[in-house]
Amino acid sequence: MSFKAYRVDSVDGRVCGKIVSREIEDLPPGDVLIKAEYSSVNYKDALAATGAGKIMRSMPLTGGIDVAGSVVSSTDGRFKAGDPVLVTGYDLGVAHDGGYSRYVRVPAGWVVRRPEGIDAREAMAVGTAGFTAALSVLRLEQNGLKPENGPVVVTGATGGVGSLAVEFLGGLGYNVTAITGKADQVDFLKGLGAKQVLLRSEVEMGTRPLEKTLWAGAVDPVGGATLAWLTRTMMQHGSIASCGLTGGVELNTTVMPFILRGVNLLGIDSVLCPMATRIEVWRRLATDCRPKHWDSIIHAVTLEQLDGVFEKLMKGGATGRHIVELTD
Ligand SMILES: NC(=O)c1ccc[n+]([C@@H]2O[C@H](COP(=O)([O-])OP(=O)(O)OC[C@H]3O[C@@H](n4cnc5c(N)ncnc54)[C@H](OP(=O)(O)O)[C@@H]3O)[C@@H](O)[C@H]2O)c1
């Protein structure tokens, strides 16, 4: 039985993807064979497929760092045919054939049973980006963040991580400020739950080691100068979930926010997040953090449309989440 997959390869030093026909026997070894229903598009997928970032450790490789579907067969007793499952992170789409494929075979240790309350389409609308947003919220809560502590801020707010962080925090009763570069997306962000929307170009960042305190918590997929500014404007014992780098990888700040205001800088790693935490995050995603605004967040695309979506993400022009429909 042959099926379609989006494979990335380096030809004459140029990285690009194309749709190919594959057979089950072509898949890498693994315990669990999954019939995929949906995958998703993350910034990392765009970096990988365009070669803008050195993401893939071997090529050619099927792209896609996320997948959701059902088990076809399993040699591991934890899973049986028909089980609804999902995989995000680990080596998927990085060093092991990924989710842009109707069939995917992976080690059982990567597989999460999809909880009731969230279907495969919704799970991939969450995907790595939404999982990262939810993991950020969990880690902020574990470090004492509560709605009554004060305002929280989400940067890169229209992106995958950002838009879902706004949605989760808004739904949990936080007073959310969204920061975006897109002036035309204010209504979108308010619809997701932001009380206030600030334009990136209008944020006055200052240069002092400690600026006026503004935020009790922050989810930051942007990094760079934005993250440095956040460290300078956190309230006493506030926490920042540092989860991305769309605005840069450098961090120029001082120790002052940490030793005088007790600010917590929390590193967020979705890829090798321990399984127990993964299961807890997905439980939250299917219950109290379950997004309510799927219609404004989800854009469905096919494998054939992936190149255009990657281009949009690389230009910082995407809003919400792109899911990839995988059909026979
Ligand atoms: N830590 C982890 O495990 C993990 C997991 C997933 C993603 N990430 C990282 O998180 C980041 C976001 O991923 P994503 O999938 O949400 O990407 P995305 O959907 O492309 O969103 C990125 C958003 O960042 C903002 N942005 C783009 N260029 C910017 C710039 N120069 N300065 C400031 N903001 C800029 C834009 O939002 P606005 O126009 O609204 O500002 C853009 O929509 C990436 O760096 C990704 O690698 C990390």
Side-chain angles (χ1 to χ4, degrees), residues 39-50 52-55 64-66 88-90 92-94 124-139 153-168 176-190 192 194 197-203 205 218-230 240-251 265-274 277-278 281 297-299 301 309-324:
S39 182
S40 86
V41 184
N42 301 277
Y43 191 74
K44 188 171 170 183
D45 292 308
L47 287 173
T50 58
K54 206 172 172 325
I55 302 291
I65 63 171
D66 296 333
T88 65
Y90 297 103
L92 195 71
V94 171
M124 287 296 96
V126 170
T128 285
F131 177 83
T132 301
L135 178 61
S136 298
V137 172
L138 186 87
R139 298 273 286 120
V153 64
V154 177
T155 64
T158 66
V161 176
S163 58
L164 281 159
V166 171
E167 161 92 47
F168 300 150
V176 183
T177 293
I179 301 184
T180 180
K182 303 185 185 83
D184 58 346
Q185 295 298 323
V186 173
D187 289 345
F188 166 66
L189 290 167
K190 289 201 166 161
L192 292 184
V197 179
L198 301 178
L199 287 184
R200 191 157 75 219
S201 56
E202 290 170 1
V203 174
M205 292 195 174
V219 176
D220 179 45
V222 170
T226 301
L227 177 55
W229 168 69
L230 289 175
I240 306 167
S242 166
C243 54
L245 46 68
T246 54
V249 293
E250 309 257 303
L251 177 57
L265 184 55
L266 311 173
I268 305 299
D269 166 30
S270 64
V271 176
L272 293 179
C273 170
T277 309
R278 240 169 235 271
V281 170
I297 296 170
I298 297 179
H299 309 283
V301 298
V309 180
F310 293 146
E311 203 183 314
K312 202 161 152 189
L313 257 76
M314 288 315 303
K315 288 183 182 153
T319 60
R321 294 278 299 147
H322 288 82
I323 58 166
V324 185

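Atoms within each ligand, like the ligands themselves, are counted from 1 in listed order.
Set against the non-hydrogen atoms of T158, the atoms of ligand 1 under 4.0 Å away are 37 (O), 38 (P), 39 (O), 40 (O), 43 (O). Each of the following atoms of ligand 1 lies closer than 4.0 Å to a heavy atom of G247: 30 (C), 32 (N).
With a 4.0 Å heavy-atom cut-off, ligand 1 is reached by the backbone of S270 and by its side chain too. The part of I268 lying near ligand 1 is the backbone, judged by heavy-atom distances below 4.0 Å. Both the backbone and the side chain of T180 come within 4.0 Å of ligand 1, judged by heavy-atom distances.
What sits closest to atom 36 (C) of ligand 1 on the protein, heavy atoms only, is K182 NZ, 3.9 Å. The single protein non-hydrogen atom nearest to atom 17 (O) of ligand 1 is Y43 CB, 3.3 Å, given as residue, atom name and distance. In terms of protein heavy atoms, atom 35 (C) of ligand 1 is closest to R200 NH1, 3.3 Å. At the shortest separation from atom 16 (O) of ligand 1 among protein heavy atoms lies V161 N, 2.8 Å. Nearest to atom 21 (O) of ligand 1 among the protein's heavy atoms is G159 CA, 3.2 Å. The single protein non-hydrogen atom nearest to atom 30 (C) of ligand 1 is T246 O, 3.6 Å, given as residue, atom name and distance. Of all protein heavy atoms, the one lying nearest to atom 19 (O) of ligand 1 is G160 N, 2.8 Å. Nearest protein heavy-atom neighbour of atom 5 (C) of ligand 1: T132 OG1, 2.9 Å.
Pairing each heavy atom of D66 with each of G89, the nearest pair is OD1-N, 4.4 Å. When all heavy atoms of C273 and Y90 are compared, the pair lying nearest together is O-OH, 4.0 Å. Among all heavy-atom pairs drawn from G127 and R321, the shortest one is CA-NH2, 3.4 Å. Here the closest non-hydrogen pair linking L164 and G130 is CD1-CA, 3.5 Å.
Put simply, the side chain of N42 never gets that close to the backbone of D45: no donor and acceptor are under 3.5 Å apart. The main-chain N or O of T88 is found under 3.5 Å from a side-chain atom of R278 such that the two form a donor-acceptor pair.
When C243, G320, G317 are checked for heavy-atom proximity to atom 9 (C) of ligand 1, C243 turns out nearest.
In this structure, the side chains of L265 and L251 come closer than 4.5 Å at one or more pairs of heavy atoms. In this structure the side chain of K44 reaches within 4.5 angstrom of the side chain of V271, judged on heavy atoms.
By the side chain to side chain contact (heavy atoms under 4.5 Å, CB included) test, A49 pairs with Y6, V8, F310, sequence neighbours left out. Residues satisfying the side chain to side chain contact (heavy atoms under 4.5 Å, CB included) test with T180, not counting sequence neighbours, are T158, K182, L189, V197, L199.
For ligand 1, the polar-atom distance check finds an N/O of L245 within less than 3.5 Å of one of the ligand's N/O atoms. Taking any N or O of G181, backbone or side chain, at least one lies under 3.5 Å from an N or O belonging to ligand 1.
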